[in-house]
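First comes the structure, then the notes that go with it.
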Amino acid sequence: MRFATWNVNSVKARLPRLREWLAATRPDVLCVQETKVAEFPDISDLGYRTAHFGQGRWNGVAVLSRIGLEDVRQGFPGEPGFPEQEARYVSALCGGIRFISVYVPNGRTPDDPHYTYKLAWLAALRASLKDDLAAGPLVVAGDFNVAPTDDDVWDPAVFVGSTHVTPPEREALAAIQDLGLRDIVGRPLKGDRPFTYWDYRAGMFHMNKGMRIDLVLASPDIAGEVTDAVIDREARKGKGPSDHAPIVVDIERPAGDGIR
DNA sequence: ATGTCGTCCGCGGGACGA
């Protein structure tokens, strides 16, 4: 079985590349972030069903699956809003695994109300995941907007005083992992840094000045079945890429336990 | 790092978010 996560930065702008990538990579399940549309485009011709929580101009998350899509949940109990709920969480059961696609609030700057919102959102997500973990195998994947350690940013000195690297953000993320979720780090296909995001500006991708802010966290049973995990930097190249690369994970479990 | 790209409004390019 193969699954993946990808912040596409607008599914409308990315649709040709998303379709090509799905056809070439054929994940059984894909967690998508930043769809930026109200309705997800029809990709049923590629064999995928879609669970989408869209908001329109901002945010938007989806789970795409070709191995079944049951018990869809848009948002989670106790989820904070700003002030209203935003489209940052959607989950579904696919082949007996709960796949959760998350787009964690950016936080903007540490003195911004959005930063407080980010910390509250992560704490509430932790409480929700604790219940989900008790129910069975799960994967929570997406754009966490937190670099777990200084090794996960191209130059820690540049990020002093910025969001994504502050101790409270890292502690909130660590508290989620401490539930027993394992961080499945993708292999970089070039260089030795597992970055998943490079700013569009200033040739950052070309210079490999990136960040690892997209994460795949898996329950122990799933983590123990991982045979490979790769950051598909090819998807960050060329004309009209997202600023994030997909993380593609292979596990030895047969796709969908026959549920297709 | 603030060098780009996406959205919206609304018809040209500015405002905003990331």
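All values below come from the heavy atoms of this structure, side chains included, with hydrogens, waters and symmetry mates left out. Letters go in sequence order (proteins before strands), and every chain restarts at 1.
Rounded to whole Å, the distance from NZ on A:K12 to P on B:dG6 is 13 Å. Across the protein-nucleic acid pair, A:D243 atom CG and B:dT4 atom P stand 14 Å apart, rounded to whole Å. Between the NE2 atom of A:H114 and the P atom of B:dG17 there is a distance of 7 Å, rounded to whole Å. The interatomic distance linking A:N106 (CG) with B:dT7 (P) rounds to 18 Å, in whole Å. In this structure, A:N9 places its CG atom 8 Å from P of B:dT7, rounding to the nearest Å. The nearest whole Å value for the distance from the CG atom in A:N7 to the C1' atom in B:dG6 is 11 Å. Atom OH of A:Y115 and atom P of B:dA18 are 16 Å apart (whole Å). Taking atom CD on A:E34 and atom P on B:dC5, their separation rounds to 16 Å, with Å as the unit.
Each of A:A13 and A:M211 lies near DNA chain B, and the nucleotide nearest A:M211 is the one positioned closer to the 5' end. Nucleotides of DNA chain B nearest to A:G240 and A:H244 differ in position, and the one nearer the 5' end is that of A:G240.
Here the side chains of A:L122 and A:L173 are not in contact, with every heavy-atom distance at 4.5 Å or above. The shortest distance between side-chain heavy atoms of A:W6 and A:L18 falls below 4.5 Å.
Comparing B:dG3, B:dA18, B:dA1 by their nearest atom to the side chain of A:A202 picks out B:dG3. Candidate nucleotides B:dA1, B:dC16, B:dG3 were compared by shortest atom distance to the side chain of A:W154, and B:dA1 ranks first. Of the candidates B:dA18, B:dC8, B:dG6, the closest approach to any side-chain atom of A:W58 belongs to B:dG6. Of the candidate nucleotides B:dT7, B:dG17, B:dT2, B:dG17 has the atom lying nearest to any side-chain atom of A:R108. Checking B:dA1, B:dG17, B:dT4 against every side-chain atom of A:D199, the shortest atom distance belongs to B:dA1.
B:dG10 and B:dA15 are spaced 14 Å apart, taking the P atom of each and rounding to whole Å. Taking the P atom of each, B:dG17 and B:dG12 are spaced 25 Å apart, rounded to whole Å. Between the C1' atoms of B:dC5 and B:dA1, the separation comes to 15 Å (whole Å).
Contacts of A:F159 with the nucleic acid, taken as non-hydrogen atoms under 4.0 Å apart, include base atoms.
Contact between the side-chain N/O atoms of A:R14 and the OP1/OP2 oxygens of B:dG6 is found at a separation under 4.0 Å.
Aromatic pair A:H164/A:F159: ring centres not closer than 6.0 Å. Annotation: A:Y197 is not in aromatic contact with A:W154 [ring centroid separation under 6.0 Å not met].
Under the 4.0 Å criterion applied to side-chain N and carboxylate O atoms, A:D28 and A:R2 are not assigned as salt-bridge partners.
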